[in-house]
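There's a structure below that I have some questions on.
All chains are named by letter (A, B, ...) in the order of the sequence lines, taking the proteins before the strands, and each is independently numbered beginning at 1. The figures that follow rest on heavy atoms only: side chains count, while hydrogens, waters and symmetry mates do not.
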Number of protein chains: 2
Amino acid sequence: MVVRRLRSLSALSDPELELLRNLGDRRERHASGEELAAEGGLSGRPRFILSGWACRQRVLPDGRRQIFSFLLPGDGLGLSRRPALELSTTAALTALETVDAQPVLQAMQAGNAPGLGRALATLETLEQMLLFDHLVRLGRQTAYERVAHFLLELQRRLEIVGLGDDQRFPLPLTQEILADALGLSIVHVNRTLQQLRRERLIELRSGVAILLERERLANIADYRLPPPRSAPASPTPRRNGLEDSAQL
Amino acid sequence: MVVRRLRSLSALSDPELELLRNLGDRRERHASGEELAAEGGLSGRPRFILSGWACRQRVLPDGRRQIFSFLLPGDGLGLSRRPALELSTTAALTALETVDAQPVLQAMQAGNAPGLGRALATLETLEQMLLFDHLVRLGRQTAYERVAHFLLELQRRLEIVGLGDDQRFPLPLTQEILADALGLSIVHVNRTLQQLRRERLIELRSGVAILLERERLANIADYRLPPPRSAPASPTPRRNGLEDSAQL
DNA sequence: CGCTTCTTTGACGAGCCTCAAACTGAGTGG
DNA sequence: CCACTCAGTTTGAGGCTCGTCAAAGAAGCG
């Protein structure tokens, strides 16, 4: 999972791969709904996600909530060492399994992991790109476009780490969570999904999404995918990212 | 300007201050509307803004535009060395004056500018906080709240660098730019501003904004200011940040 | 089976957008 | 000094998108 994600960002040397594969101990499990860190920077507890979904969000005093980003298997939490402010909270959306990423950061600081350094730098850039995409969705797209764009983003991200294929992927989110991410009401998310289904663009049932017509969706949402960084991921036994125990 | 901004983030040693003050050469001027860098990372041309306003934005193929953030005097462009992707473009909103920030980055890499390192790290964190604030505005606030929140943010940021006081500040933006930042139509921005004026919460004329009732605005918009980092800025001869020649 | 959580549907209204046009102010040139 | 233009602001009318309220199904779970 993590190996796969980082390799998609930069070539890694054998010792670097070895380091990643040895991260296996120091695993941790978190229940759905658990708060992983009060701060945005998560300073001091850098981790990788092995399985499950989390999100970064802010809750307003009147109960409104805005989700900033989703964290999927292979993504990192708190990898950038920044002074922490109350930027956002990170919460597990499903049961979650993580590993300590500290050894990776140490190797980088010691200077003997240039590939990992590049990979993590690119990871940060990509995260920022996702934030920008999200701003465009919220600021300049209709509900219909937002949902389509968001589903395409998830499809792509999950395919990269080997969860799902080019049209099918796990989607363990309630419509309330979608609403809080996309800046819509639950009811309107529901109606929008129905419309996409009625038009045979997507299918959605029991935690699995299927993009029936990716091309048309991409046109609707003006979805442009990031330029590929390295060799495309090789086919892998399909997993849904929500198993009890996940690989690195 | 730059000195003031960075000092508000971290204590700086005398040599560090000296370094900043010697940045003066290698100034550059940019006309309003000019594109400063095609990429988000701006890699290779790190700069500080001495005077004028810029923004980071993305333009959709159908002409819609979303502004991600505003860059004010004292802010940096392309300071983080990230692999550049087509994340966003940076454009000057007014005539702009910048200086090369390369010497600062070099001193940091050489390891002999810990204060500057902290300052720039905090700067990045604050930038991300602004992005999150922006996401909340776009996703979960009404037009009325958005405008109020945004004006409060600008007031605070400009006060920190000594432009304007606790209720008055320069605002060289057209309503079209406001609309593209706040995810609204020009017409609706106009109506919202009128409402705020009618209710005697703000005044707006010829490039200057006045927040008549900051407290009430802050309540309306649920605006919470970031925790202060160091001593409050000392009073300074007021400037509007748009002069022909600006100080460091 | 009965609870809770999630999804779905309907009715209604408010917020915001679009279109269109008038108005203002700052140049620019005759 | 007066058209004239051009960018920006303001106003009105009308309509679509999306939110709110309410309640009825489904679906998971002990």
So which nucleotide from dC18(D), dT20(D), dT18(C) ends up closest to the side chain of Ser185(A)?
->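 Of the candidates, dT20(D) comes closest.
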
Just checking Ile186(B): base, sugar-phosphate only, or nothing, at a heavy-atom cut-off of under 4.0 Å?
-> nothing

What's the CZ-P distance between Arg146(B) and dG15(C), to the nearest Å?
->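 In whole Å, dG15(C) P and Arg146(B) CZ are 13 Å from each other.
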
Distance in angstrom units between Leu204(A) CG and dT7(C) P, rounded =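 Rounded to whole Å, this separation is 9 Å.
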
Counting heavy atoms from C-beta on, name the nucleotide in dC18(D), dG8(D), dG12(D) closest to the side chain of Glu176(B).
->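 Taking heavy atoms from C-beta onward, the closest nucleotide is dG8(D).
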
State which of dG10(C), dT9(D), dC19(C) makes the closest approach to the side chain of Gln175(B).
->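 Selected nucleotide (nearest to the side chain): dT9(D).
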
Can you figure out which of dG8(D), dG19(D), dC6(C) approaches the side chain of Thr174(B) most closely?
-> dG8(D)

Give a yes or no on whether the backbone of Leu196(B) and the side-chain of Glu199(B) come within a donor-acceptor separation of less than 3.5 Å.
-> no

Under 4.0 angstrom, heavy atoms only, what part of the nucleic acid is Arg197(B) near: base, sugar-phosphate, or nothing?
-> sugar-phosphate

For the side chain of Arg64(B) and the backbone of Arg140(A), is there at least one donor-acceptor N/O pair under 3.5 Å apart?
-> yes

Does the Arg29(A) side chain pair with the main chain of Glu97(A), one donor and one acceptor, at a distance under 3.5 Å?
-> no

Whole angstrom value for the distance that separates C1' of dC16(C) from CD of Gln141(A) | 17 Å

Which residue lies more 5' along DNA chain D, comparing Val189(A) with Leu173(B) via nearest heavy atoms |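 Of the two residues, Leu173(B) wins.
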
Of the listed nucleotides dC16(C), dT20(D), dC18(D), the one nearest the side chain of His188(A) |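 Output: dC18(D).
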
Would you say Gln167(B)'s side chain and Glu213(B)'s backbone share a donor-acceptor pair under 3.5 angstrom?
-> no

Sugar-phosphate, base or nothing in reach of Thr142(A), heavy atoms under 4.0 Å =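 Since only primed, P, OP1 and OP2 atoms lie under 4.0 Å of Thr142(A), the category is sugar-phosphate.
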
Any side-chain donor near an acceptor of the partner, Glu159(A) and Gln155(A), under 3.5 Å =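 Yes, Gln155(A) and Glu159(A) have a side-chain donor paired with an acceptor closer than 3.5 Å.
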
Give Gly207(A) one of three labels, base, sugar-phosphate or nothing, depending on what nucleic acid heavy atoms sit under 4.0 Å from its own.
-> nothing

Taking for each residue the nucleotide of DNA chain D bearing the nearest heavy atom, is the 5' side occupied by Ser206(A) or by Ala143(A)?
-> Ala143(A)

Should Gln194(A) be listed as having a side-chain N or O under 4.0 Å from OP1 or OP2 of dT7(C)?
-> no

Does Asn190(A) make a side-chain N or O approach to OP1 or OP2 of dT8(C) shorter than 4.0 Å?
-> yes

Measure the distance from CZ on Arg140(B) to P on dC18(D) and round it to the nearest whole Å.
->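 From Arg140(B) CZ to dC18(D) P: 13 Å.
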
Kindly indicate whether the side chain of Arg191(A) and the base of dG19(D) share any N or O donor-acceptor pair separated by less than 3.5 Å?
-> no

